[in-house]
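Heavy atoms only: backbone and side chains are in, while hydrogens, waters and symmetry mates are out. Lettering follows sequence order; numbering is per chain, from 1. This one's a predicted model, so the numbers in the text were calculated from it and none came from an experiment.
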There are 2 protein chains.
Amino acid sequence: MPKDRAPTRIQKKNRAAILEAALNVFSAHGFRGATVDQIAAEAGLSKPNLLYYFPSKEAIHTALLSGLLDVWLAPLHDLDEAGDPMQEMLSYIHRKLEMSRDLPRESRLFANELVQGAPRIHAALSSDLKSLVDEKTAILIRWMEQGKIAKLHPYHLIFSIWALTQHYADFDVQVRAILADEDPFEGAEPFIDTLYRKLLTP
Amino acid sequence: MPKDRAPTRIQKKNRAAILEAALNVFSAHGFRGATVDQIAAEAGLSKPNLLYYFPSKEAIHTALLSGLLDVWLAPLHDLDEAGDPMQEMLSYIHRKLEMSRDLPRESRLFANELVQGAPRIHAALSSDLKSLVDEKTAILIRWMEQGKIAKLHPYHLIFSIWALTQHYADFDVQVRAILADEDPFEGAEPFIDTLYRKLLTP
DNA sequence: CGTGAGTTTGACCAGATGGTCAAATCAAGA
DNA sequence: TCTTGATTTGACCATCTGGTCAAACTCACG
């Protein structure tokens, strides 16, 4: 294992390659379905070499998840009480949909983990995620009380945004099987936009 | 392997026990994460005994999926053009949400399969599912043209229903991590009901 | 109760998989 | 250039896993 001094040029490159490869493999096959050999091959390393940088398959997975959680939650984090409520909501929703389009592997990585009961990130859900959501729902509640947006159950409002946007990444195969040649996001964007304009208008 | 005459009492009992056990295990761990030993143990059989009833792990999975697809699509199948449009939609949505609550294992079984690219049911998606959806969206379009419900992209409308309802089964851990002690479905039902009343009102 | 079909199982196998290790190779600063 | 730590690898191991098989057991029915 590399010492924990400042990482060398090679360490940086290989760690990054491993995480990139792991994202491909884990998001496509889940934790159990992914093999270390596969990740190593995709990263252009031998298996023992890969295990020189990360002590175990589990460690790679953990590093990936915790590294990406911030990225994944950034749009919600940026929801700003000072902005215009409707605009803030629509832009949050828009960013989430963009992430589904541009970062489907990340979405599926989390989906795989969650659908199997989140055995490896349960802690982060009830601490980091929970407190971020609580902080932001507090804003939503104030907006609702000020009559700026419709009064709705704030948690379920958040869930609906996650469900509607991530659906396009997580269940991409199904969406494409039904839409045939149509681009999913071309129709999804105006649909979701309309939905939330109607829903949130008081 | 049992002959394909009329199934004996024992055959019926064991096949059912295996499928029930397999539903538990596959829905919780995905295809790759499930082991034949686990399914056998849960069904109260030895592994060779289990493989006497089904030729392979794959065969169990396939039998499960194809057996449950009809159950899963029944609510959409029952959408009736002769009924009141708004009521038909709301009752479809309601039944889907009930299924998320009462059949979460089934939901996760499909979610696991879909999120990994549906390697084993891709065919059924582009044939059975696609044609059912096409048939029902045709009804939606007529309702929209008659001004009975709001004009929306019919495919994305269907997707939204799937996403919103199945989210509660598939990502149950996350939902519960955030809701703490609150019952997910108690809040979900009125929220989703309100959402679609607003959305579908022309 | 006997018998043949139906059912069950212990022992076993081959391949896959996560992980280890000692030895070899490489890279950068003195 | 030389040395020392960083990097890489081939060979190897233990365990898990899907699946097989022959032998044993059980059940329904004549």
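Rounded to whole Å, atom P of C/dG19 lies 18 Å from atom OH of A/Y53. If you measure from atom CD of B/Q11 to atom C1' of C/dT7, you get 9 Å, rounded to the nearest angstrom. Between B/F54 atom CZ and D/dG18 atom P the separation is 16 Å, expressed in whole Å. In this entry the distance linking CD1 of B/I60 with P of D/dT17 reads 15 Å, nearest Å. Between B/D37 atom CG and D/dT15 atom C1' the separation is 13 Å, expressed in whole Å. A/R15 places its CZ atom 16 Å from the C1' atom of D/dT8, with the value rounded to the nearest Å. Rounded to whole angstrom, the span from the NZ atom of B/K57 across to the C1' atom of D/dT17 amounts to 8 Å. When the P atom of C/dT17 is taken as reference, atom CD1 of A/I39 falls 12 Å away, rounded to whole Å.
Applying the salt bridge (charged side-chain N to carboxylate O under 4.0 Å, His left out) test to A/D37 and every residue at least two apart in sequence or in another chain returns A/K47. In this structure, the salt bridge (charged side-chain N to carboxylate O under 4.0 Å, His left out) partners of A/E81, at least two apart in sequence or on a different chain, are A/R142. In terms of the salt bridge (charged side-chain N to carboxylate O under 4.0 Å, His left out) criterion, B/D80 has no residue partners (sequence neighbours excluded).
Within the structure, side-chain hydrogen bond (donor to acceptor under 3.5 Å, both in side chains) contacts touching residues 169-178 of chain A (residues at least two apart or in different chains) are A/S107-A/D170, A/D172-A/R176. The salt bridge (charged side-chain N to carboxylate O under 4.0 Å, His left out) analysis of residues 108-121 of chain A, with sequence neighbours excluded, yields the pairs A/E58-A/R120, A/E113-A/R120. Applying the salt bridge (charged side-chain N to carboxylate O under 4.0 Å, His left out) rule to pairs touching residues 82-103 of chain B yields B/D78-B/R95, sequence neighbours excluded.
Expressed to the nearest 0.5 Å, how far CD1 of A/I178 lies from CH2 of B/W162 amounts to 3.5 Å.
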N/O to N/O distances under 3.5 Å, protein versus nucleotides 23-30 of chain D:
unit_1, atom_1, unit_2, atom_2, d
D/dA28, OP1, B/R9, NH2, 2.8

For nucleotides 9-16 of chain C, print each protein N/O atom paired with a nucleotide N/O atom at under 3.5 Å, atom names and distance only.
unit_1, atom_1, unit_2, atom_2, d
C/dT9, OP2, B/S46, OG, 3.2

Donor-acceptor contacts under 3.5 Å from residues 192-199 of chain A side chains, at least two apart:
unit_1, atom_1, unit_2, atom_2, d
A/D193, OD2, A/R197, NE, 2.7
A/T194, OG1, A/P190, O, 2.8
A/Y196, OH, A/S160, O, 3.3
A/Y196, OH, A/S160, OG, 2.6
A/Y196, OH, A/I161, N, 3.1
A/K198, NZ, B/L199, O, 3.2
A/K198, NZ, B/T201, O, 3.1

Given the rule in the ring pair (Phe, Tyr, Trp, His ring centres under 6.0 Å) test, do A/Y92 and A/H77 qualify, once you have shown the distances and angles that lead to the verdict?
CA-CA 9 Å; A/Y92 169 52; A/H77 194 270; over 10 Å; no
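Among the heavy atoms of the strands, none lies under 4.0 Å from A/A59.
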